[in-house]
Amino acid sequence: MSRPTRVLVTGAGGQVGLDLVDVLRGLTPLGGDATFQPDGRFVANDEFEVLGLTRHDLDVTDRDAVTRSLRFARPDVIVHLAAYTAVDRAEENAAACFEVNEQGTESMSLAASEVGAHFIAISTDYVFDGTKGSAYVEYDEPHPLSVYGASKRQGELRCSSRDTIVRTSWVVGVRGKNVIHVIADRALSGANVRFVDDQTGTLSAASDLARALATLVRERPSGTWHVANSGATTWFEVAAYVGSLLNRGEEFATPISTSELSPAPLAVRPQRSDLDTEKFASSWAPLPVWRDAVARLVVDRARREDVAR
Ligand SMILES: NC(=O)c1ccc[n+]([C@@H]2O[C@H](COP(=O)([O-])OP(=O)(O)OC[C@H]3O[C@@H](n4cnc5c(N)ncnc54)[C@H](OP(=O)(O)O)[C@@H]3O)[C@@H](O)[C@H]2O)c1
């Protein structure tokens with residue numbers, strides 16, 4: 001019998017990390033779809049040996065610690081999720097952001113290569129400037145508008161040609177702070193919301209993304225892959241849909257333009273950065289449509305609250 005594939009996950013305490021560790025252990029995370037696995041092969045609970053590292057376990061900006069940890073753990077595959085993800089705060093903390101997203105990724109990729117592990121790095125739609133006018137494919141030229149986007153692009157460039165780079169976007173999980181919780185809390189409290197309808201993107205449920213990552217852990221392809229739920233949307237459309245799931249009327253969500261946001265966000269976001277996911281979909285399967293993913297999140301976050309009460 002072959003031994004389990006040993007997978008080391010950085011950023012394991014973040015919203016994608018929590019769901020990925022569950023999926024690799026053969027579990028379905030809250031908000032997940034138990035019937036979905038892109039390559040059609042479900043994960044057995046002994047297929048992977050998972051080492052999930054939080055920032056407390058391994059600070060990826062500490063190059064010596066990175067090398068030591070990987071030499072000790074001897075993983076077959078590394079999924080590098082750890083990142084400086086505060087997009088607006090990054091505008092005033094560029095050095096700290098680049099230290100994690102560029103230098104941290106470079107250290108991880110180099111150490112992965114040294115111990116013979118396949119390296120999977122996660123990047124973002126914010127490497128694009130949003131001016132293309134249609135969905136971005138993997139070979140479109142990046143041109144980031146923000147410090148965060150620029151730091152993630154530099155992280156991509158520090159990876160080796162053998163590595164896998166996964167660009168994803170607008171990540172939402174049951175666990176973790178994200179816009180779905182803000183919208184649902186407002187809907188349940190009887191308040192209304194205003195969301196922008198002039199920024200288009202692709203939503204990614206952390207649980208579905210985690211299933212796609214499990215497929216990539218098995219297949220270990222090199223190069224860049226766009227992974228997100230199917231269908232482009234806007235935050236206004238998402239808010240209106242969450243409102244409808246929670247029995248709120250049309251008055252719940254009002255569309256506004258980015259220029260109406262007050263205070264204005266520090267970081268400039270691309271106006272249209274939806275990811276074309278055809279390369280992943282035609283190799284395995286498309287991720288579920290974003291409305292399915294949001295409906296699962298709304299149902300399962302309520303379950304989580306029931307348990308908490
Ligand atoms: N969230 C999105 O909308 C989105 C969109 C596109 C791409 N992505 C990418 O997807 C990946 C996962 O994102 P996520 O949503 O799961 O983010 P997240 O919830 O913010 O998780 C990121 C994790 O990285 C950890 N971290 C930060 N600095 C670190 C360091 N120096 N060493 C080790 N760990 C460190 C954080 O720990 P602390 O909590 O202790 O700081 C956090 O647990 C990231 O690479 C992100 O750039 C996210």
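Both ligands and their constituent atoms are indexed starting at 1 by order of listing.
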Asks: Could you check atom 19 (O) of ligand 1 against the protein and tell me its nearest heavy-atom contact, residue, atom and distance included?
Replies: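 The protein heavy atom lying closest is Q15 N, 3.0 Å.
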Asks: Name the closest protein heavy atom to atom 31 (N) of ligand 1, giving the residue it belongs to and the distance to 0.1 Å.
Replies: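 Result for atom 31 (N) of ligand 1: D59 OD1, 2.9 Å.
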Asks: Taking NZ, NE, NH1 and NH2 as the nitrogens, is one of them in E138 or R167 under 4.0 Å from a carboxylate oxygen of the other?
Replies: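 No, E138 and R167 are not salt-bridged.
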Asks: Quick one: which of A83, G176, A82, S273 has a heavy atom closest to atom 27 (C) of ligand 1?
Replies: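 Of the listed residues, A83 has the closest heavy atom.
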Asks: Is there a donor-acceptor pair closer than 3.5 Å between any side-chain N or O of S273 and the backbone N or O of D125?
Replies: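 Not confirmed, S273 side chain does not pair with D125 backbone.
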Asks: Is there a donor-acceptor pair closer than 3.5 Å between any side-chain N or O of S109 and the backbone N or O of E106?
Replies: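 No: the side chain of S109 does not pair with the backbone of E106.
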Asks: Test your reading of the structure: does V100 have an N or O sitting under 3.5 Å from an N or O of ligand 1?
Replies: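 N/O-N/O distance under 3.5 Å: no.
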Asks: Is there a heavy atom in Y148 that sits closer than 4.0 Å to ligand 1?
Replies: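 It does; at least one heavy atom falls under 4.0 Å.
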Asks: If Ile, Leu, Val, Met, Phe, Trp and Tyr residues are connected whenever their side-chain heavy atoms lie under 4.5 Å apart, and connections chain through other members, are F252 and I256 in the same group?
Replies: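 Different clusters: F252 never reaches I256 through Ile, Leu, Val, Met, Phe, Trp or Tyr contacts under 4.5 Å.
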Asks: Using a strict threshold of under 4.0 Å (side-chain N to carboxylate O), is an ion pair present between R269 and D88?
Replies: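 Between R269 and D88 there is a salt bridge, with a charged N closer than 4.0 Å to a carboxylate O.
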Asks: Using heavy-atom distances, let me know which of L53, L81, T105, V66 sits nearest atom 12 (C) of ligand 1.
Replies: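 Ranked by closest heavy atom to atom 12 (C) of ligand 1, first place is L81.
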Asks: Can any side-chain N or O of T54 pair as donor or acceptor with the backbone N or O of A12 at less than 3.5 Å?
Replies: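 Side chain of T54 to backbone of A12, a donor-acceptor pair under 3.5 Å: no, none is there.
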Asks: Is the shortest N/O to N/O distance between V60 and ligand 1 below 3.5 Å?
Replies: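 Checking ligand 1 against V60, an N or O pair does fall under 3.5 Å apart.
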Asks: Is the backbone of V227 close enough, under 3.5 Å, to the side chain of T168 for a donor and an acceptor to pair up by distance?
Replies: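 Yes; judged by distance alone, with no hydrogens or angles, the pair exists.
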Asks: Please report whether ligand 1 has a polar contact with Y84, defined as an N or O pair separated by less than 3.5 Å (distance criterion only).
Replies: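 Y84 vs ligand 1: no N/O contact under 3.5 Å.
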Asks: So, N178 side chain and G173 main chain: donor-acceptor pair closer than 3.5 Å or not?
Replies: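 Yes, because the side chain of N178 sits within donor-acceptor range (under 3.5 Å) of the backbone of G173.
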Asks: To check your reading of the model: name the closest protein heavy atom to atom 10 (O) of ligand 1, its residue, and the distance in Å.
Replies: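 Answer for atom 10 (O) of ligand 1: I122 CG2, 3.4 Å.
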Asks: Would you say the ring centers of H80 and F119 fall short of 6.0 Å from each other?
Replies: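 H80 vs F119: aromatic centres under 6.0 Å.
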Asks: Nearest protein heavy-atom contact for atom 23 (C) of ligand 1: which residue, which atom, what distance?
Replies: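 The closest one turns out to be G11 CA, 3.9 Å.
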Asks: Any donor-acceptor pair under 3.5 Å linking the side chain of D19 with the backbone of V16?
Replies: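 No; zero donor-acceptor contacts below 3.5 Å.
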Asks: Closer than 4.0 Å to some heavy atom of V16 - which atoms of ligand 1 meet that?
Replies: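 Selected atoms, number and element: 12 (C), 16 (O).
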Asks: Could you go step by step and tell me if L157 and Q154 meet the side-chain contact (heavy atoms from CB on, under 4.5 Å) rule?
Replies: CA-CA 5 Å; L157 293 171; Q154 287 307 311; 3.8 Å; yes
Asks: Which atoms of ligand 1 have any heavy atom of T168 under 4.0 Å away?
Replies: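 Near T168, the atoms of ligand 1 are 6 (C), 7 (C).
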Asks: Nearest non-hydrogen contact with atom 2 (C) of ligand 1 belongs to which option: V172, T10, V171?
Replies: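 Shortest heavy-atom distance from atom 2 (C) of ligand 1: V171.
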Asks: Below the 3.5 angstrom mark, is there an N/O of R55, backbone or side chain, next to an N/O of ligand 1?
Replies: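 Yes.
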Asks: Are V166 and I78 co-members of a hydrophobic cluster defined by side-chain heavy atoms under 4.5 Å apart?
Replies: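 Unlinked, I78 and V166 end up in two clusters.
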Asks: Under a 4.0 Å threshold between the charged nitrogen and the carboxylate oxygen, would R291 count as salt-bridged to E237?
Replies: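 Judged by the 4.0 Å cut-off on N to carboxylate O distance, E237 and R291 do form a salt bridge.
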Asks: List every atom of ligand 1 that sits less than 4.0 Å from any heavy atom of W170, numbering the atoms from 1 in the order shown and giving each element.
Replies: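 In order of number, 3 (O), 5 (C).
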Asks: Would you mind checking which non-hydrogen protein atom is closest to atom 45 (O) of ligand 1, with the distance to 0.1 Å?
Replies: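 For atom 45 (O) of ligand 1, the nearest protein heavy atom is K152 NZ, 2.8 Å.
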Asks: Quick check on contacts: which atoms of ligand 1 are under 4.0 angstrom from a heavy atom of G13?
Replies: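 With G13 as reference, the close atoms of ligand 1 come out as 43 (O).
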Asks: Quick one: nearest non-hydrogen protein atom to atom 33 (C) of ligand 1, plus distance?
Replies: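 Ranked first by proximity to atom 33 (C) of ligand 1 is L58 O, 3.2 Å.
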Asks: Just to confirm my output: which protein heavy-atom neighbour is closest to atom 7 (C) of ligand 1, and how far is it?
Replies: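 Atom 7 (C) of ligand 1 sits closest to the protein heavy atom S123 O, 3.3 Å.
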Asks: Could you check whether atom 15 (O) of ligand 1 has a protein contact, counting only heavy atoms that fall below 4.0 angstrom?
Replies: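 It does: a protein heavy atom is found less than 4.0 Å away from atom 15 (O) of ligand 1.
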Asks: Tell me whether G104 reaches ligand 1 (any heavy atom closer than 4.0 angstrom to a ligand atom).
Replies: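 No.
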Asks: With respect to T85, determine whether any N or O atom, backbone or side chain, lies less than 3.5 Å from an N or O atom of ligand 1.
Replies: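 Yes - when backbone and side-chain N and O of T85 are compared with those of ligand 1, one distance drops under 3.5 Å.
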Asks: Between R3 and D76, is there a side-chain N and carboxylate O pair less than 4.0 Å apart?
Replies: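 D76 and R3: salt-bridged.
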Asks: Are any of the N/O atoms on H80, whether in the backbone or the side chain, positioned under 3.5 angstrom from an N/O atom of ligand 1?
Replies: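 H80 vs ligand 1: no N/O contact under 3.5 Å.
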Asks: Give the residue and atom name of whichever protein heavy atom lies nearest to atom 43 (O) of ligand 1, and the separation in Å to one decimal.
Replies: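 Nearest neighbour among protein heavy atoms for atom 43 (O) of ligand 1, to 0.1 Å: G14 N, 3.3 Å.
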Asks: Check whether any N or O atom of T124, backbone or side chain, sits under 3.5 Å from an N or O atom of ligand 1, and answer yes or no.
Replies: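 No, no N or O pair falls under 3.5 Å.
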Asks: Determine the interplanar angle of the W170 and W235 rings, folded into 0 to 90°, and report it as parallel if under 30°, tilted if 30 to 60°, perpendicular if over 60°.
Replies: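 Geometry flag for W235 against W170: parallel rings.
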